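Here the structure is laid out as structure tokens; the discussion comes afterwards.
Computed from a prediction, not measured in an experiment: that's the story for all the values here.
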There are 2 protein chains.
Amino acid sequence: MNTLSYGLLALLTRGPRSGYELMQHIQPIWQAKHSQIYPLLALMEKRGFVQYVPVAQKDKPDKKVYSLTDEGIAALREWVPEPTGDPVKRDEMLLKVYCIGFIEPAQARQLFEERMRMYQCKIEKYHRMLDDLGSETVQAVEAGRMEHPGFGSYILLKRAIGQAESDLDWCRWVVGLLQLNPTGSVGN
Amino acid sequence: MNTLSYGLLALLTRGPRSGYELMQHIQPIWQAKHSQIYPLLALMEKRGFVQYVPVAQKDKPDKKVYSLTDEGIAALREWVPEPTGDPVKRDEMLLKVYCIGFIEPAQARQLFEERMRMYQCKIEKYHRMLDDLGSETVQAVEAGRMEHPGFGSYILLKRAIGQAESDLDWCRWVVGLLQLNPTGSVGN
DNA sequence: TTAGTCATGTAAGTGGTTACATGATTAG
DNA sequence: CTAATCATGTAACCACTTACATGACTAA
């Protein structure tokens, strides 16, 4: 049972999901491909943490809909109070930024402008996801009702938006600095 | 040549460094252990991207001080304009937050308070690192002189501080929400 | 005297990605 | 007609962590 396995159990607290759905929903929180998720689900099924019902579909491939067992819920509850690992962040761009004095100013500008587009897309996506949660959830969250399904999703989305906006502001600040001293603008 | 290898080349643009120093300095940007870094340095030395001078020390173990070769610089310059990979973020805590409705309110509070301490430590550490850069660097950055050694370090530190403060604010906001509805305070 | 720092390396294991494999349906 | 989505799985590979190994010096 690794962290991703517990993460899958966490997602299943919202209700039964297929492996494919789990794979999609876990992406914003924990990057993982289907090739990693399917074997873990099979393993957890063997160990009794989850169970599945095969669902036949017309027009689409059949699927397995997984749900938590009592054992799975117990495992989740044991995991939560355990010491939480430090966050792991790896961003290739930051390594490029470290040696920014070594590269063409035009390339530097491009690097930041690409990232600004990426963050803007993310922010829009997250806002759409917030809207999808509905006003009923918003009211529950604002009242601090953490037992409400959607409380976790809402505060996670808020965090993702805050992070993306902070990064976007940083990009704008750096682009502003770069324009102060347009070393690379010969020929523009 | 993987991303970490280019990252090591990026660090070496600041001047010669030992493997041990590289390992320490790359931590805030890219988590990697010495056991991963030493073999990569050996490989890059074989391929001619870096070279080293053995330095004998009294009172300390001998070390190898690596520096960039012209080939290494060329490789760096080729890498920068290549498409930049998406950032990878994996934080166990967010998975726990997702199923926060399923856990004890006291445990939830503890989770956030632990994180708030972690972010506060980080922010203090980053501020100390900023101070270490000196006013000369600050002036160069404020003038947008990106070719200045320290420009990259300064803007990366600013980003790290912004991120940590954004996360800390989020934790405070959630803790505030949790206190609105003290479900778990029976017996306090 | 125990733990921590400096300093380098290898070996074994886990976690995660890419590629291979299948196949029907739908949208451009 | 090509690409994307849904849906599951395996195999090979790469990236990263943990443990093993050594050894001298220093601070609590």
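Hydrophobic cluster membership for B/Val88: none, as no Ile, Leu, Val, Met, Phe, Trp or Tyr side chain comes under 4.5 Å of it.
Between A/Trp173 and A/Phe112, a ring centre-to-centre spacing not shorter than 6.0 Å is recorded.
Using modelled atom types and a 3.5 Å distance limit, the side chains of A/Ser153 and A/Arg14 yield a donor-acceptor pair.
Applying the ring-ring contact (aromatic ring centres under 6.0 Å, His included) rule to B/Phe151 yields no partners; only residues at least two apart in sequence or on another chain are considered. Remark: B/Trp30 pairs with no residue by the ring-ring contact (aromatic ring centres under 6.0 Å, His included) rule, at least two apart or across chains.
Within 6.0 Å of CD in A/Gln110 there are 12 or fewer heavy atoms belonging to other residues, nucleotides or ligands.
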What string of B, S and - do you get for nucleotides 12-18 of chain D, 5' to 3', if B is base contact, S is sugar-phosphate-only contact and - is no contact with any protein heavy atom under 4.0 Å?
---SBBB

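Two end axes, each from the C1' atoms of five base pairs, can be drawn for the helix from C/dT1-D/dA28 to C/dG28-D/dC1; they diverge by 50°, to 10 degrees.
Less than 4.0 Å separates DNA chain C from at least one heavy atom of each of the following residues of residues 38-68 of chain A: A/Asp59, A/Pro61.
Separating the CD1 atom of A/Ile37 from the C1' atom of C/dG16 is a distance of 11 Å, rounded to the nearest angstrom. Rounded to an integer number of Å, the gap from OH of A/Tyr20 to P of D/dA4 is 12 Å. Atom CE of B/Met23 and atom P of C/dG9 are 12 Å apart (whole Å).
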